[in-house]
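Order of listing sets the numbers, starting from 1, for every ligand and every atom in it.
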Amino acid sequence: MNHACLLTALGVYTPEHRLTNAELCTMVDTSDEWITSRTGICSRRRLAPEESTATMGLAAAKRALQSSGIQPQDLSHIIVATCTPDKLCPSTACIIAGSLGAPSCMAFDINAACSGYLYGVSLCRSILAGQPDATILFIAAEAMTRRMNWNDRSTCVLFGDGATASIFSATAEQPLAQVRDVLCDADCSLHSLITIGGGAEKELPAGQSIEDDFFLQMQGREVFKHAVRRMAEACKTLLERNGLTIHDIDLLVPHQANMRIIDAVGSRLGIASSKVFANVEQYGNTSAASVPLALAEALQTQVLSHGKRVLCVSFGAGLTWSALLLDF
Ligand code: ACO
């Protein structure tokens, strides 16, 4: 028997500080003109010193739980998608579960970089297929600015911080959306194109200073080409296997990395720009949080409402990519 995978709540937290292009120009050799013309980004959020991926995820989780009426003790799983966890160990999910007071649940992180939300939705769907009574709190949270090299203008202007929390279950009286299908893929021969170091890969003798590979490094131009091609292909494959065409889609919600990538994917798919949702201008690339932040804003501004069919698509380090069909 096939069990539904229903999105029943979506909570959001974004930090107060809006780091504008003008402020960035005081930190790094760049210009508002370069950033807006190459990326479409005007500002991004930057977390405060006392905040972290876990505190942002917790704030989003509390909002999702409050809107759904679900109690922390009702959760069977807490999963966090992030490539900027608070610590290598324990998982950010365990830190959040402890703070939430969810005494007994399965808690762990996943890392598919910017594809983290869509990969996580696929995982939630599989969990619900085998365990239909599960109630999953799925958080996508990133503190990207903590891993920016403020001397590398080709990357530090692109990323921002934020968190979302989604609740998935197989039954719900008034779900926000139903997952219709999801496709996840990767080309891991290209894993070196986007990296964040600082793991256990090499010895760090006491007193050694942090090296550049501690921060996000990206071969932007190369990534750009793969991103456009893979996102468009994934959308086409997913539509085809569901007997749909792009004309059946009410809203395309792509990963918010760069307005030029969003436009190029939209035009390859042949979808009207009025049906493509973008908020990269205000948030930059929030990695795993990017697609659900965009979904939440589309809902809040009523661009998205009951009865709409949505196609989401993401792309990130790995290289990973994914496409998702949601019926609202
Ligand atoms: N300000 C001013 N000049 C800059 C800046 C800046 N912030 N950054 C780069 N430049 C300069 C470069 O030095 C270069 O100058 P040169 O020609 O004198 O050498 C020039 O601008 C062009 O640089 P490019 O890197 O070729 O610029 P491009 O048009 O490719 O844009 C960008 C760069 C925005 C990074 C683009 O390649 C991109 O968006 N790539 C994809 C990123 C992405 O999608 N990532 C998703 C995954 S991220 C994840 O998974 C965590």
**Prompt:** Under 3.5 Å, is there a donor-acceptor pair linking the side chains of Tyr117 and Thr164?
**Reply:** no
**Asked** Atoms of ligand 1 less than 4.0 Å from Gly316 heavy atoms?
**Response** 47 (C), 50 (O)
Nearest protein heavy atom to [atom]: under 4.0 Å?
| atom | value |
| --- | --- |
| atom 44 (O) of ligand 1 | yes |
| atom 41 (C) of ligand 1 | yes |
| atom 25 (O) of ligand 1 | no |
| atom 18 (O) of ligand 1 | no |
| atom 3 (N) of ligand 1 | yes |

**Asked** Does Arg44 use its side chain to pair, donor to acceptor, with the backbone of Leu19 at less than 3.5 Å?
**Response** yes
Backbone, side chain, both or neither: what part of [X] comes under 4.0 angstrom of ligand 1, heavy atoms only?
| X | answer |
| --- | --- |
| Val28 | neither |
| Thr30 | both |
| Asn285 | side chain |
| Ala257 | side chain |
| Ala317 | both |
| Thr155 | neither |

**Message:** For atom 51 (C) of ligand 1, what's the nearest protein heavy-atom neighbour? Residue, atom name and distance, please.
**Reply:** Cys114 SG, 3.4 Å
**Item:** Considering all heavy atoms, the nearest Glu142-Thr53 contact
**Value:** C-OG1, 4.0 Å
**Prompt:** Any idea which heavy atoms bring Ser91 and Ala107 closest together, and the distance?
**Reply:** OG-O, 4.1 Å
Does the distance from a Lys or Arg side-chain N to an Asp or Glu carboxylate O, for [X] and [Y], drop under 4.0 Å?
| X | Y | answer |
| --- | --- | --- |
| Glu233 | Arg229 | yes |
| Arg125 | Asp181 | yes |
| Arg45 | Glu51 | no |

**Fill in**
d(Leu304 CG, Asp250 CG) to nearest 0.5 Å is 8.5 Å
**Prompt:** Out of Arg147, Arg38, Arg153, who gets a non-hydrogen atom closest to atom 15 (O) of ligand 1?
**Reply:** Arg153
**Request:** Only heavy atoms count here, so choose which of Trp34, Phe315, Phe159, Trp321 is nearest to atom 8 (N) of ligand 1.
**Result:** Trp34
Polar contact flag for [X] and ligand 1 (N/O pairs, less than 3.5 Å):
| X | result |
| --- | --- |
| Thr39 | no |
| His255 | no |
| Ala227 | no |

**Request:** Kindly indicate, with the supporting measurements, whether the criterion side-chain contact (heavy atoms from CB on, under 4.5 Å) is fulfilled by Cys114 and Ser287.
**Result:** CA-CA 4 Å; Cys114 300; Ser287 189; 3.6 Å; yes
**Prompt:** Would you say Ile35 touches ligand 1, if touching means a heavy atom closer than 4.0 Å?
**Reply:** no
**Working for salt bridge (charged side-chain N to carboxylate O under 4.0 Å, His left out), residues Lys202 and Glu211** = CA-CA 12 Å; Lys202 57 184 181 187; Glu211 292 174 28; 3.4 Å; yes
**Message:** If the condition is ring-ring contact (aromatic ring centres under 6.0 Å, His included), which residues does Tyr13 pass it with, not counting sequence neighbours?
**Reply:** none
